[in-house]
2 protein chains.
Amino acid sequence: MHTENKDEMRDRIIEAALKRFTHFSASKTTMNEIAEDLHCSKASLYYYFPDKNAVHIAVLAKIGESYLQTLEKEANNSEVSAGESLMNTIKIRNNFMTRFCRLEIFKLMRQASFEAMNNEVKAAKKREWDLMTRIIERGIESGEFVAVADPQELAGILFHALMGMRLAFMDHPQQFTEELSDAQLADLEMKQELLLSIFVKGLKKN
Amino acid sequence: MHTENKDEMRDRIIEAALKRFTHFSASKTTMNEIAEDLHCSKASLYYYFPDKNAVHIAVLAKIGESYLQTLEKEANNSEVSAGESLMNTIKIRNNFMTRFCRLEIFKLMRQASFEAMNNEVKAAKKREWDLMTRIIERGIESGEFVAVADPQELAGILFHALMGMRLAFMDHPQQFTEELSDAQLADLEMKQELLLSIFVKGLKKN
DNA sequence: CTTTTGACTTTGTAACTAAAAAAGTCAGGA
DNA sequence: TCCTGACTTTTTTAGTTACAAAGTCAAAAG
């Protein structure tokens, strides 16, 4: 298997693993299967990654990064109002969630060494939170929203409330597949949008 | 074991089971232990309840009822403002949750026959939702809040957002013990109160 | 010197099993 | 009507094995 450099092969492995993980799940995917997909030996995988968890984490890091970049684009898009941007984050988030709900994030978090994982997850949450803050601040700067004492805090409430609503909608919290039916998802989005509209209305000058 | 009537003995059983269930948990409590606590035979328990699940459900029904009655009192208490009443529901709910988090509600919901259980849970949720609606309506009647198009819908958003926030705060959703540390609980309540204050501010005339 | 591999060892998991514990039953007694 | 001891049935648990998957390494290939 010839590749330009080490990083490219790492990417190819992550890509193959991502395909298997999202189709089936991480625990139902073997290192052998990933190797077969790449027409290489299993031992090669271990040349690029210390263990399977490392692959799993790399996969999550990759899709997490693309998610955050999508959000970032939305946060900085001054073409639309801040209120609309906030609305759009709901769709982006839910779309991402349904696409990657089979990635067993929670499972990994429990078994992967806490230091390595938990910090990254926290960092990602922080980044997402900061992006919400940024959108709110953009709204204040443009005069769309009234100046508020603590945009950071406000974004935190909004973030937790929207995230929480999703959890409140899956009635079997200890189930492994964190999937939502289409009907549930529609209901959830409706409620999230309503919640957000109340927030935004409170932020608008009147 | 002599008792006045059938209902009293049922109550005594429920009381004993409640003690064990909250101390340890439902699955770690045997029918024998409950019988021993009551100085009666296990067979007696089966005279009053068809099976263990029925005891578990009765326990949940009892504490659920007392919880809903506490909320009801708060909803009808016109001594305090509607805004304050809503604030108080947060404390009532969280207090109740921490007291009875070892009751394995979710576990029961999965195994107990759906018809019997799920309907009751749904009914309880509906009642709680209605109480929130009632408080909001009280606020409108008293002139504290502006008239809003759909108080029922608004209460639903608030209810789901507050409930969801709690879920968002327990980082191990598939853990069986749904306990929150003191620090987490304090943070949660702070955020819930802030969320509510935003809601209430939006409802106030200005 | 970097990358790859087949053959290897170790570790984890699914499928049985037997023993124990708990659930649940019932004929008969107060 | 209420209660119980002695009983049967069902569920958990702890051990076991057998297989699959994880992970290692010396040596080959480029």
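Just so it is clear, the model here is predicted, and its values are computed rather than measured. Each chain gets a letter, A, B and so on, in the order the sequences are listed, and its residues count up from 1.
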d(CZ, A:Phe24; P, D:dA21) in whole Å: 13 Å
- prompt: Looking at residues at least two apart in the chain, or sitting in another chain, which of them share a salt bridge (charged side-chain N to carboxylate O under 4.0 Å, His left out) with A:Lys91?
  reply: A:Glu193
Please set out all donor-acceptor pairs under 3.5 angstrom arising from side-chain atoms of residues 149-163 of chain A, sequence neighbours excluded.
residue	atom	partner	partner atom	Å
A:Asp150	OD1	A:Gln152	N	3.3
A:Asp150	OD1	A:Glu153	N	3.1
A:His160	ND1	A:Gly156	O	3.0

field: With A:Asp182 via side-chain contact (heavy atoms from CB on, under 4.5 Å) - residues at least two apart
entry: none
statement: Between B:Gly83 and B:Phe145 the two heavy atoms that sit nearest each other are N-CZ, 3.9 Å
task: Quick one: label A:Thr30 by what it contacts on the DNA or RNA (base, sugar-phosphate, nothing), any heavy atom closer than 4.0 Å.
output: sugar-phosphate
Length of the line joining B:Phe49:CZ and C:dT25:P, which is rounded to integer Å: 15 Å
Minimum heavy-atom distance between B:Asn77 and B:Ser85, given as atom pair plus value: O-OG, 4.2 Å
- request: Go along nucleotides 6-14 of chain D 5' to 3' and tag each nucleotide: B for a protein heavy atom under 4.0 Å from its base, S when only backbone or sugar atoms are that close, - otherwise.
  value: ---------
task: When you get a sec, tell me which of D:dT24, C:dT4, D:dT4 is the closest nucleotide to the side chain of A:Tyr46?
output: D:dT24
field: By side-chain contact (heavy atoms from CB on, under 4.5 Å) - contacts of A:Phe100 (at least two apart)
entry: A:Leu18, A:Thr22, A:Ile63, A:Phe96, A:Leu103
field: salt bridge (charged side-chain N to carboxylate O under 4.0 Å, His left out) involving B:Glu36 - partner list, sequence neighbours excluded
entry: none
- prompt: For the pair made of CD in B:Glu36 and P in C:dA21, what is the distance, rounded to whole Å?
  reply: 14 Å
message: If I take atom CG in residue B:Leu45 and atom P in nucleotide C:dC26, what distance separates them, rounded to the nearest angstrom?
response: 17 Å
field: Set of residues satisfying salt bridge (charged side-chain N to carboxylate O under 4.0 Å, His left out) with respect to B:Glu189, sequence neighbours excluded
entry: none
task: Only counting residues at least two apart or in another chain, list the ones meeting ring pair (Phe, Tyr, Trp, His ring centres under 6.0 Å) with B:Phe199.
output: none
- prompt: Which whole-number value in Å describes the distance from A:Leu38 CG to C:dT3 C1'?
  reply: 15 Å
Listed partners of A:Glu84 passing salt bridge (charged side-chain N to carboxylate O under 4.0 Å, His left out), at least two apart: none
task: Would you mind telling me which of C:dT2, C:dG6, C:dA23 lies closest to the side-chain atoms of B:Met31?
output: C:dA23
query: To the nearest angstrom, how far is B:Asn53 atom CG from C:dA23 atom P?
result: 11 Å
message: Regarding A:Arg20 and A:Asp37, does a basic nitrogen lie under 4.0 Å from an acidic carboxylate oxygen?
response: yes
query: Is A:Tyr47 near enough to C:dT4 that one of its side-chain N or O atoms lies under 4.0 angstrom from OP1 or OP2?
result: no
- request: For DNA chain D, determine which residues of residues 15-22 of chain A have any heavy atom closer than 4.0 angstrom to one of its atoms, and list them numerically.
  value: none
- request: Please report, rounded to the nearest Å, how far the P atom of D:dT1 is from the CD atom of B:Glu8.
  value: 18 Å
- line: The complete set of salt bridge (charged side-chain N to carboxylate O under 4.0 Å, His left out) pairs with one or both residues in residues 39-62 of chain A, sequence neighbours excluded, reads A:Glu15-A:Lys62
- line: The answer to which of A:Glu33 and A:Pro50 contacts DNA chain D further toward the 5' end, by nearest nucleotide, is A:Glu33
message: If the helix axis at each end comes from five base pairs, how far does the helix from C:dC1-D:dG30 to C:dA30-D:dT1 deviate from straight, to 10°?
response: 40°
message: Please confirm whether the shortest side-chain N or O distance from A:Ser41 to OP1 or OP2 of C:dG6 is below 4.0 Å.
response: no
- prompt: Expressed in angstrom and rounded to an integer, what is the separation of A:Asp51 atom CG from D:dA21 atom P?
  reply: 18 Å
- prompt: NA contact type, B:Thr29, heavy-atom cut-off 4.0 Å: base, sugar-phosphate, or nothing?
  reply: sugar-phosphate
